[in-house]
Structures are given as C-alpha cells and as structure tokens.
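Down below is the structure, laid out as structure tokens.
No experiment lies behind these values; they were computed from the predicted model shown. The basis for the numbers below is simple: all heavy atoms, side chains too, and nothing from hydrogens, waters or symmetry mates.
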Amino acid sequence: MIRTHEAGTLRAEHAGQTVTLAGWVAHRRDHGGVAFVDLREASGVVQVVVRDELLTGAAGDLRAEFCVKVVGEVRLRPAGNENPDLPTGAIEVDASEVEVLSASAPLPFPVDAHAEVGEEARLRWRYLDLRRDNARGLRIRHRATRTIRRVMDERGFVDVETPYLTRSTPEGARDFLVPVRLQPGHWYALPQSPQLFKQLLMVGGLERYYQIARCFRDEDFRADRQPDFTQLDLEMSFVDEEDVYEVGEAVFRAVWKDVLDIELPQPFRRLPFTECMDRFGSDKPDLRFGLELVELSSFFAGTEVRIFAGQPYVGAVVVPGAGSWTRKQLDGWNEWARGRGAKGLAYVLVEGDGSLRGGVLNALSDGERSGLAVAAGAAPGDGVFFAAGPRREAQDLLGAFRNAAAREIGAIPEGRWEFLWVTDMPMFEPDGDGGWTAVHHPFTAPAQDRVDDFDVDPADVPARAYDIVCNGMELASGSIRIHQADVQRRVFDVIGLTPEEARSKFGFLLEAFQYGPPPHGGLAPGIDRMAALLAGTESIRDVIAFPKTSSGGDPLTGAPTPITAQQRKDAGIDATPAGLTEPS
RNA sequence: GGUCCCGUAGUGCAGCCAGGAGUGCAUGCCGCCCUGUCAAGGCGGAGGUCGCGGGUUCAAAUCCCGUCGGGACCGCCA
C-alpha cells in the first residue's frame, strides 16, 4: 500500500507517529508561509499542515481534487485550534513530504456535499459526484445486498444466474430487444424478470433459489424507475404463503437491523387488497398517518346531488385544518384532481362553529347537511373532500388525495417504517377491450377456494399474490404459482391466450410442467427502492452507480449511440427471418 | 402519447411578468498578499452564441411559435 494509515482513522493516540497518507485535496487554506490542506479519502478527512518550503514544484500548485501522497507526523493541534466537528479534529499531520500522485483539472462543479449541482452535470461527471458524499448511496446499497446474501445463504437458498439474452418474459412491459448476428432477423429479449427461469429451476429441484438480478423494462421513467433495475428474485418449492411471508420478513428485518439498527416488528401487518382500497384508496397504502377514506355511498343513496346521484361509490377524505384553506388553495386541489382525469374535487368545509360552507353545499338536502359531519367523522375546522363514481376509480382519486393532503398538512412523521403485506391481490382486471388481463402475471395461482370457478366470473377473484409495502412504496411483489396444467390452461383461457399462443410464448415452461412440477411460490423485492429508502433519498438514482436520464441516456458514456451502416448489416437488423413464425 | 417546471460565465442562481447596451449575485478559475485556518481572508483579473431555429418590434435574455436537453407527474410500468 502507498499509505500506512487511513486519514479518517487518526486520533490523539497517534500523536508522535510518522504516517504516510494518500488521498485527495478537499480544501487548501493557504496563509502564506503555512497552508492547511484537508486530505480526504474513503475513511474521512484529516488536516495536513504544509510549510511553505514544501510547496515547491508540482506541490506548489496543489488545488482541489489533486491526488496526493503525504508523509508527516501526527501531532495534537495547538490549544484552541481543535475542530470538534471533525472526528480527526484533535490532531493534524505536520507534513515533511508532499508528492502529487496526479493533478486535477479545474472542476466542472464543486466536489462538496452541500453544494447544489444539476442532475445532468452530476451524471456527466458521476465519478466526481460520487466523491462528493463518499458514494454514500452505493455503500448503503452494498450493506443491504451483503445482508441479503447472508440471510439467503443461512436459509439454504442457492444463488443461480439466469440468462440476460433470452426471450420475452410475461411481465407485461415492453421488451428491450437485441439483434442476433448468427440468426439474422431474430432477436433476443432482455428479461423483464427471471420469472420463467426461476420456475424452471423449481422443476429442476433447486427448491430454494435466489438471485440479485438485473431486470429490463422499456417503459417511461419516474424518479423511482430506471429501464434496467435490480430485484432480489427468490423462489421456493413446497411452500404456501406463510413460508414466503416468513422469508420476506426475515430479509427486510435483517437489512433494517444491519443497515439502520432498527428492529422491525414481527410479523408484519397484513391487509387484504380490498381493505387497502376501502380504507386508503391504494394498493400500497402509507400507514404512517390516518386520513382514512370514509365511504358515504349509503349516506348519499337517493341523493339529489347531481355528481353523487346514481354513482356506485361515494367516498370522502376528511382533512384536519382544511376548513380554513383559502379559495385559491381549494381551486388548486380542484385543478390537481382534473390533472388526474377527475371532474374535480368536491368539498364541504366545517367552520369553527360547526356551520358548513363549500360548493356542493347548496345541492345538499337539509338532512344531508345536518348529518354530513357525523357521517364523515368531520370536526369543526376540518375539510371533507369527495369523490364519486366507479368504486375503484373514485377510491384511487381519494387515495392519491390522501397522500397529497397528508404531505400538505405535514401529517407524515419522519423516522417511521410502516411495513405491511398487502394480501389477496386481484387475479384479473379488465383489459379495456371487454376481456381480462392478469394483474400480476399469468402463472399466479387463484385463491384456493376459487380454483374451481375463477373462470366463471373473473371479476374480483383473489389471487395468491401479495406485496410488501412500506411507507406508501411497493418494495416487493410475489405469488404462489400455478403448478397444475389444467388450472394454467383455464387462466390462459380467461386472458384470451389461445393454446397455440401459449405454446408459442411459454411452451417450454408448459412442457416442463408435464414432468412433476412442485408446488412453488416466491417473491421479488426491488433492491433500488429498498436502498433508496435506507439511504433516505427520494430518487433511486442516488443508489445506482451510473443512472440514466429520463430519456434513457447516460451523459457520461453518451449511450445510447447511433450505429454504423456496417454494424446494422452485421447485426442483421433488417433481415427478414426465413419463414415468419412469430405470432402477431 | 399528454400536462407542468427549468435552460443566462466552469457551477448554482437573480434578471423575464412590465422589451431599451449582459459593469448582475455567489462560488470556482488565474495573479498578487497573508504563519493557525477548517466552506480561511484581503486586493486585482479573466470568463457569456442568455440551449437552438424562426417570428413580432425601431429594439428581444425578456413577448409569440417551433425544436432540443434536464426534471416532476398522468398514461404506461409491479
């Protein structure tokens, strides 16, 4: 090693020792005659005192982010010059030798944790961005994955790698495609998840499989979405939901303990999907605050209010303090609701003296006026915000409003971790064309008491599917899979997949399932979101080494790039496959 | 596919609504001074295609249209 000590580890007990350090110049405070150089590397920062006579030659140009080697003696700082804000603040290193290992060009932005830098510049010089906070996000992510591997290993899971160059997997997103030079006109798809492979591994008798796997989905970006992202993919044979819950909780409990030293409750709460929707208007409810939905369908049954009359569902969220919101604020929420495709957000405000005001008030009958506050559970000073329409739609709107309003009124406590399982997720949902589509994926088993009749009326059939949700974020998703051929056939039938199409797309899996597939099920926690949550950041980009911008570009490498005519020819992109066999 | 915000010196921003010459602010950079600072300080200096294209106007960073790039959201995506 070039150095004998790590800069951030030096303490008063090292006083008198001669040490050799290597790192970067974080700051140079030059007083003429003597200069103070903050030497920074992964372990921390230490102050190096450099006399003028050493600042000759290359060392004389010492600037921020020069990479240097320093030989010097550790000594206690002169009385009164200690810096209690630094772990190394009691001492300093009196340099006898300064060597520039490599110089730094002037920086495109300050390498300083508290400087605000634009997203694009940070990504363009991501390596400098990483220096700013000592790659904190990546180090937290590492501690999480290290714990995950330990827990998986302790429980007998086998780490197996599955192909990235493969064929389409049934997750429902758009595929990334890769041309195949050896078979012009044919393309690999990058896997949206290792779903099919892990099921094949169960047929193969692995019994317990896991992988920290990259997944690829060609959909639009969000702050918590990248086109290539990472899942802890796991699958177990001979299990039911309880076994998967136990493992899932063990993983999250261990990670939260190791990374944050926080004990999560055991077991996690469980809420059936329909209860989540009824109470929170979301399939990933944030349980850190109340503001639960109130159903008013029966209260408004037979109402004359035009926007409520005849609607299958009327509900409300009661917001404390909203009774004093200004007209401008209320108009803003109306606009917010319209932005989500609703007609608006009707409201009634309860004044301090219990009297009501609000746009829909005039339309209410006397009985509705007098009973509303009690029915909705609203107190003086509260605002009651309504949505009406198809049950799911109206609840979605109220759920989104619940989150936004909680943020608005500061009702979301910091430092809380509200984990829960959302259970009994629906099996199918309307596909918009009068048919049905699988909510999770088409290998998810129906609830055990619906195996015989799930295809008679696919609406509201619960699946053996479950999510882990924390603070309003979906952190994991999984299910017990179908292992009987006839059930699988009937599921394909419901979602309108003909036997020919099924064979064409998943024939290899169906074939494998002819050979004694074990009952199995699994889970897939999202590593990026998990790490972001642990790091206390809103954006998963902070826990990804080289993230992409929202148009899928990487400003650092310049990817993606156009290809040359020759590359295009070699890749066989324009070739027509002999005998077109692809289903449309 | 849609909505919204942003684009001005290397970086972060003000100026734009209400048009009138880019001495704008902070930081960084360059030079000089300075022996106890710690996001050091003082003095001086350099640094700009106001993203790009078009339009309106006597005159555009500013108003209008288009386009590109970044960000957030809806749709999409578990």
Side chain to side chain, A:Arg131 and A:Trp24, heavy atoms closer than 4.5 Å: yes
Sugar-phosphate, base or nothing in reach of A:Met425, heavy atoms under 4.0 Å: base
Touch class at under 4.0 angstrom, heavy-atom based, for A:Val439 against every strand present: base
Distance below 4.0 Å between A:Arg217 side-chain N/O and B:C77 OP1 or OP2: no
Those residues that, when tested against A:Asp218, pass side-chain contact (heavy atoms from CB on, under 4.5 Å) (two or more places apart): A:Arg174, A:Phe176
Close side-chain approach of A:Asp278 and A:Leu293, heavy atoms under 4.5 Å: no
Inter-nucleotide C1' distance (B:A14, B:A61), Å rounded: 12 Å
No-H, no-angle donor-acceptor pair, A:Asp38 side chain to B:C38 base, under 3.5 Å: no
Selection from B:A39, B:A40, B:C38 that lies nearest to any side-chain heavy atom of A:Asp112: B:A39
Residue whose nearest RNA chain B nucleotide is more 5′ - A:Leu86 or A:Glu474: A:Leu86
Interatomic distance at C1', B:G20 relative to B:C65, whole Å: 24 Å
Watson-Crick or G-U counterpart of B:C76, or none if no pair lies under 3.5 Å: none
Under the side chain to side chain donor-acceptor pair (under 3.5 Å) test, residues paired with A:Glu241 that sit two or more places apart: A:Arg464
Pairwise salt bridge (Lys or Arg N to Asp or Glu O under 4.0 Å) hits with a residue in residues 543-559 of chain A, at least two apart: A:Asp228-A:Lys548
Min side-chain heavy-atom separation A:Leu287-A:Phe280 under 4.5 Å: yes
Distance, C1' atom - from B:C50 to B:G7, rounded to whole angstrom: 9 Å
Pair partner, B:C25 [Watson-Crick or wobble, under 3.5 Å]: B:G12
Whole-angstrom distance between B:G54 and B:G12, as gauged at atom C1': 31 Å
Test side chain to side chain donor-acceptor pair (under 3.5 Å) applied to A:Ser193 - qualifying residues, sequence neighbours left out: A:Glu171
Can you name the atoms? Protein N/O to nucleotides 46-48 of chain B N/O, anything below 3.5 Å, with the distance.
none

Counter-base of B:U37, judged by Watson-Crick or G-U geometry with both distances under 3.5 Å: none
Heavy-atom side-chain contact between A:Val244 and A:Val239 under 4.5 Å: yes
Touch class at under 4.0 angstrom, heavy-atom based, for A:His31 against every strand present: base
Interatomic distance, A:Asn403 CG vs B:C73 P [rounded to whole Å]: 13 Å
Residue A:Arg338 excluded, over 12 heavy atoms near CZ under 6.0 Å: yes
Donor-acceptor pair between A:Gln211 and A:Thr162 side chains, under 3.5 angstrom: yes
Touch class at under 4.0 angstrom, heavy-atom based, for A:Gly526 against every strand present: nothing
Short side-chain N/O contact to B:U37 OP1/OP2 from A:Arg29, under 4.0 Å: no
Touch class at under 4.0 angstrom, heavy-atom based, for A:Arg75 against every strand present: base
Side chain to side chain donor-acceptor pair (under 3.5 Å) partners for A:Asp112, two or more places apart: A:His114
Sugar-phosphate only, base, or nothing, as touched by A:Asp283 at under 4.0 Å among non-hydrogen atoms: base
Closest to side chain of A:Val117, choosing from B:C74, B:G36, B:G12: B:G12
Partners meeting side chain to side chain donor-acceptor pair (under 3.5 Å) with A:Gln195 (sequence neighbours left out): A:Gln199, A:His441
Residue whose nearest RNA chain B nucleotide is more 5′ - A:Pro78 or A:His27: A:Pro78
So which protein nitrogen or oxygen atoms get under 3.5 Å of nucleotides 30-33 of chain B's nitrogens or oxygens?
| unit_1 | atom_1 | unit_2 | atom_2 | d |
| --- | --- | --- | --- | --- |
| B:C30 | OP1 | A:Arg63 | NH1 | 2.5 |

Identify each atom pair where a protein N or O and an N or O of nucleotides 2-10 of chain B are less than 3.5 Å apart, giving names and distance.
| unit_1 | atom_1 | unit_2 | atom_2 | d |
| --- | --- | --- | --- | --- |
| B:G10 | O2' | A:Pro108 | O | 2.9 |

Nucleotide paired to B:G20 in any strand shown, Watson-Crick or G-U, under 3.5 Å: B:C58
Length of the line joining A:Glu116:CD and B:A14:P, which is rounded to integer Å: 12 Å
Rounded distance in Å between the P positions of B:A40 and B:C29: 11 Å
Pairs where residues 78-89 of chain A contributes a residue and the test side chain to side chain donor-acceptor pair (under 3.5 Å) is met, not counting sequence neighbours: none
Sugar-phosphate, base or nothing in reach of A:Glu92, heavy atoms under 4.0 Å: base
Polar atom pairs (N or O), protein with nucleotides 68-72 of chain B, under 3.5 Å:
| unit_1 | atom_1 | unit_2 | atom_2 | d |
| --- | --- | --- | --- | --- |
| B:G69 | O2' | A:Glu120 | OE1 | 3.4 |
| B:G69 | O2' | A:Glu120 | OE2 | 3.1 |
| B:G70 | OP1 | A:Thr549 | OG1 | 2.8 |
| B:G70 | OP1 | A:Ser551 | OG | 3.0 |
| B:G70 | OP2 | A:Ser551 | OG | 2.9 |
| B:G71 | OP1 | A:Arg541 | NH1 | 2.7 |
| B:G71 | OP1 | A:Ser550 | N | 3.4 |
| B:G71 | OP2 | A:Ser550 | N | 2.6 |
| B:G71 | OP2 | A:Ser550 | OG | 2.5 |
| B:A72 | OP2 | A:Arg541 | NH2 | 3.4 |

Aromatic ring proximity, centroids under 6.0 angstrom, A:His31 and A:Phe36: yes
Test item: A:Ser477 and A:Leu523 side chains (from C-beta on) under 4.5 Å apart, heavy atoms: no
C1' spacing across the pair B:G31 / B:A46, given as an integer number of angstrom: 10 Å
Sugar-phosphate, base or nothing in reach of A:Glu82, heavy atoms under 4.0 Å: base
Rounded distance in Å between the P positions of B:G28 and B:C38: 14 Å
hbond_proxy A:Gln47 side chain to B:U37 base (donor-acceptor, 3.5 Å cutoff): yes
Partner nucleotide, any strand, of B:G31 [Watson-Crick/G-U, under 3.5 Å]: B:C43
P atoms of B:C16 and B:C32, separation to the nearest Å: 40 Å
Donor-acceptor pair under 3.5 Å, A:Arg77 side chain vs B:U37 base: yes
Residues that A:Ala121 engages under side-chain contact (heavy atoms from CB on, under 4.5 Å), provided they are two or more places apart: A:Phe109, A:Val117, A:Trp125
Touch class at under 4.0 angstrom, heavy-atom based, for A:His441 against every strand present: nothing
For B:G69, the Watson-Crick or wobble counterpart (both distances under 3.5 Å): B:C6
Near-ring test A:Trp333/A:Phe385, centroid separation under 6.0 angstrom: no
